[in-house]
Amino acid sequence: MLSNIELKKKVDKITNKLKAGLFDEVILDTKALLKKVKHPILFNILSLAFQSKGEFDNSVKIMNDALEYSPRNVFHINNLAISYHKLEKFEEAEEYFLKGLELDPKYINILNNLGNLKKDLNLLDEAINYYKKSLTIKNNILETHFNLASIYQSSGKFEKSREHLKKTLEINPNFAEADRVLSLITKYDKNNEHFKIMLKKVSDSKLNNINLHHLHFGLGKCYEDIKDYENAFFHFNKGNAIKKEITNYNIQEDTSKFEKIKNIFKNYKNFKIKENKRKIIFILGMPRSGTSLTEQILSSHNSVFGGGELPFIPSIINKKFLKDKNVKNFNEINDLEKKLGESQDEYLAYASSLDASEKSFTDKTPLNFRYIGFLINIFPNIKIINCKRNPIDTCWSNFKNYFAGQINFSNNLEDLAEYYNQYENIMKFWKKYFSNNIYDLNYENLVNNSETEIKNLIKFCELNWDPNCLKHYENKRMIKTVSFNQARKPIYKSAIKSSNVYEKYLDKLVKNLNL
């Protein structure tokens with residue numbers, strides 16, 4: 001039997017490994033220690049290690065084990081709910097978050113996590129209420145103010161967003177992500193005080209790379225506003241270089257995935273399951289190609305619900321199809337009809353958690369272009385809109401914008417060119433089989449001839465004409481992407497050939513694009 005002092009020493013050692021990111025060692029050490037003593041903190045550490053590795057199923061299992069020993073432990077309940085949320089099991093997540101609040105109504109972490117859950121379900125008022133409730137308990141929580149800033153920004157309430165960003169920076173002036181987000185809703189001149197503050201911060205040798213790369217993206221935006229394109233490129237380039245170092249991205253992993261998918265469909269024969277009752281419209285293409293604007297137009301229709309960027313399709317396709325290393329040919333996949341039916345049911349259940357009406361449902365996750373073959377077989381009456389834009393403008397817009405998700409190919413101009421080439425190649429591949437299902441929407445045509453292009457788009461989607469689609473800028477829905485500002489404005493032409501002012505810095509990009 002371990003003494004309390006011995007246990008504390010071992011726990012401290014494991015905790016330090018957790019902080020250092022040595023998750024596999026943490027899992028081994030903690031499991032060994034749990035065989036000797038079933039201490040609640042060990043279960044929590046193990047859960048956090050699994051969460052950090054993205055193994056949320058294992059985290060759920062270990063938290064359920066923990067609750068058998070201490071069923072009223074709110075830390076266990078919170079971790080279990082977080083894992084369910086990450087697994088997109090929203091009902092289970094909410095059930096356990098609420099159970100935790102019954103035990104401790106003032107547990108700030110659960111209030112914030114419930115806010116995050118409601119935000120992901122586009123239930124903005126409920127999310128804001130949970131965040132604000134946590135602030136009544138403690139007003140100087142950085143994460144809560146930053147969450148509120150983000151949700152107000154996505155809702156187009158920029159003054160409220162600024163208020164919470166400034167509060168975030170009062171709490172921790174070195175939290176540079178708040179500086180970067182603030183830069184997105186600020187129009188700078190060279191005398192702007194926040195511009196000067198960021199310049200001073202970026203020279204601080206004590207800042208880590210996480211904070212530095214946020215500052216560089218923010219400063220790139222500042223210099224672009226004042227039309228100093230040399231310094232703007234310097235900071236965008238610096239921010240991207242640091243982010244590539246952080247992510248350690250290797251484009252070969254993505255190119256291998258493209259090849260695997262194409263090989264699966266190389267000998268494809270038509271295979272259809274039952275039609276889906278609800279019309280699903282997938283808006284896809286390269287990021288920054290007009291997907292947000294397209295969804296904003298479509299979701300202005302009185303019979304369309306805009307779902308936004310959703311993680312569901314990548315999750316379903318990887319789980320049902322791509323994880324199996326033995327899959328060689330689509331038509332020979334074991335239990336294919338069953339897997340396609342399950343995939344449709346899972347997705348429609350997710351969609352219903354966001355909107356339970358019978359409206360057409362849009363999903364504007366750009367990188368879903370990788371999965372078109374799967375999508376067409378899962379949803380037989382699908383509509384697919386492939387957003388296209390000038391390749392150099394598209395790639396440059398990817399490079400200068402910060403992405404919080406897995407768009408790591410955007411942090412290097414050569415990687416960007418190769419990824420764009422892969423996108424073009426796989427779209428040509430899909431059109432050999434599914435050309436009737438794919439509608440190419442050209443961004444430049446949409447901007448220059450808006451009414452005609454929008455009417456053609458509505459016709460392709462087999463929707464009745466709704467004049468609200470011409471007034472998409474009046475649509476008050478939440479926009480969580482980096483286009484949160486642009487998609488709320490009337491269509492403008494300034495984004496066409498926007499890369500021209502950076503032309504002399506883009507040799508590596510142009511050279512590697514298959515133009």
Side-chain angles (χ1 to χ4, degrees), residues 1-87 89 92-117 134 137-144 146-147 171-172 174-175 177 206-211 245-248:
M1 187 74 178
L2 289 171
S3 69
N4 287 338
I5 294 173
E6 288 173 318
L7 178 62
K8 185 179 182 307
K9 283 182 181 178
K10 289 183 180 293
V11 168
D12 287 347
K13 190 175 179 181
I14 292 171
T15 303
N16 288 333
K17 286 185 178 182
L18 186 68
K19 290 176 182 175
L22 303 172
F23 305 124
D24 289 327
E25 289 187 35
V26 169
I27 290 165
L28 284 173
D29 293 350
T30 309
K31 281 184 173 180
L33 201 50
L34 273 168
K35 288 178 181 177
K36 298 177 182 177
V37 55
K38 306 296 184 188
H39 196 284
I41 196 169
L42 294 175
F43 285 107
N44 279 330
I45 289 171
L46 190 52
S47 171
L48 290 172
F50 281 130
Q51 287 178 13
S52 300
K53 290 188 69 182
E55 296 179 13
F56 298 105
D57 282 318
N58 284 329
S59 177
V60 165
K61 184 179 181 304
I62 203 67
M63 283 296 92
N64 277 319
D65 290 345
L67 286 169
E68 288 185 18
Y69 292 96
S70 46
R72 295 175 63 82
N73 187 307
V74 290
F75 302 106
H76 295 344
I77 290 168
N78 183 45
N79 274 331
L80 179 58
I82 289 170
S83 299
Y84 277 132
H85 184 180
K86 293 294 185 182
L87 288 168
K89 295 182 177 180
E92 291 93 333
E94 182 168 11
E95 177 190 341
Y96 278 96
F97 280 137
L98 291 175
K99 190 178 287 187
L101 283 185
E102 283 177 19
L103 294 169
D104 186 353
K106 294 187 175 182
Y107 187 26
I108 286 171
N109 286 359
I110 288 184
L111 288 168
N112 273 313
N113 289 332
L114 255 171
N116 294 337
L117 175 66
S134 76
I137 299 164
K138 191 177 181 183
N139 189 41
N140 64 338
I141 309 164
L142 182 145
E143 290 82 1
T144 313
F146 188 67
N147 285 335
I171 296 166
N172 182 0
N174 289 333
F175 186 69
E177 188 170 0
K206 294 177 184 175
L207 284 180
N208 61 27
N209 275 349
I210 298 290
N211 286 308
E245 186 182 328
I246 291 168
T247 62
N248 198 28

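Note: Ile62 CD1 to Leu46 CG = 4.5 Å, rounded to the nearest 0.5 Å. Thr144 OG1 to Leu142 CG: the interatomic distance, rounded to the nearest 0.5 Å, is 8.5 Å. Here the CG atom belonging to Leu80 is positioned 5.0 Å from the CG atom belonging to Asn64, to the nearest 0.5 angstrom. Summarising the geometry, atom CZ belonging to Phe97 is positioned 5.5 Å from atom CD1 belonging to Ile82; distances are rounded to the nearest 0.5 Å. To the nearest 0.5 angstrom, Phe146 atom CZ is 4.5 Å from Phe175 atom CZ. To the nearest 0.5 Å, atoms CG (Leu33) and CD (Glu6) are separated by 10.5 Å.
Residues passing the side-chain hydrogen bond (donor to acceptor under 3.5 Å, both in side chains) test with His85 are Asp120, sequence neighbours excluded.
Val74 approaches Ile110 most closely through the heavy-atom pair O-CD1, 4.4 Å. Between Pro105 and Leu111, the shortest heavy-atom distance links the atoms O-CD1, 4.1 Å. Closest approach of Lys138 and Ile108 over heavy atoms only: CB-CD1, 3.6 Å. Minimum interatomic distance between Ile77 and Leu67 (heavy atoms only, all atoms of both residues): CG1-CD2, 3.8 Å. For the pair Pro40 and Asn73, the tightest heavy-atom approach, listed with the atom from each and the gap, is CB-ND2, 3.6 Å.
Looking at Asn16, its side chain does come within 3.5 Å of a backbone N or O of Asp12 through a donor-acceptor pair. One N or O on the side chain of Asn208 and one on the backbone of Asn211 form a donor-acceptor pair closer than 3.5 Å.
The stretch residues 93-103 participates, sequence neighbours left out, in these salt bridge (Lys or Arg N to Asp or Glu O under 4.0 Å) pairs: Glu94-Lys118.
Partner of Lys9 under the side chain to side chain contact (heavy atoms under 4.5 Å, CB included) criterion, chosen from Val11, Leu7, Ile5: Ile5.
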Next on the checklist: Show, in sequence, the C-alpha distance, side-chain angles and deciding distance for His39 and Leu34, and conclude whether the side chain to side chain contact (heavy atoms under 4.5 Å, CB included) test is met.
Outcome noted: CA-CA 7 Å; His39 196 284; Leu34 273 168; 5.9 Å; no
Donor-acceptor contacts under 3.5 Å from residues 47-54 side chains, at least two apart:
{"from": "Ser47", "atom 1": "OG", "to": "Gln51", "atom 2": "NE2", "distance (Å)": "3.4"}
{"from": "Ser47", "atom 1": "OG", "to": "Ser59", "atom 2": "OG", "distance (Å)": "2.8"}
{"from": "Gln51", "atom 1": "NE2", "to": "Ser59", "atom 2": "OG", "distance (Å)": "3.4"}
{"from": "Gln51", "atom 1": "NE2", "to": "Asn79", "atom 2": "O", "distance (Å)": "3.3"}
{"from": "Gln51", "atom 1": "NE2", "to": "Ser83", "atom 2": "OG", "distance (Å)": "3.1"}
{"from": "Ser52", "atom 1": "OG", "to": "Leu48", "atom 2": "O", "distance (Å)": "2.8"}
{"from": "Lys53", "atom 1": "NZ", "to": "Asp24", "atom 2": "OD1", "distance (Å)": "2.5"}
{"from": "Lys53", "atom 1": "NZ", "to": "Glu55", "atom 2": "OE2", "distance (Å)": "3.3"}

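Using a 4.5 Å heavy-atom cutoff, the side chains of Lys106 and Leu101 are not in contact.
Looking at Asp65 and Lys61, a side-chain N of the basic residue comes within less than 4.0 Å of a carboxylate O on the acidic one, giving a salt bridge.
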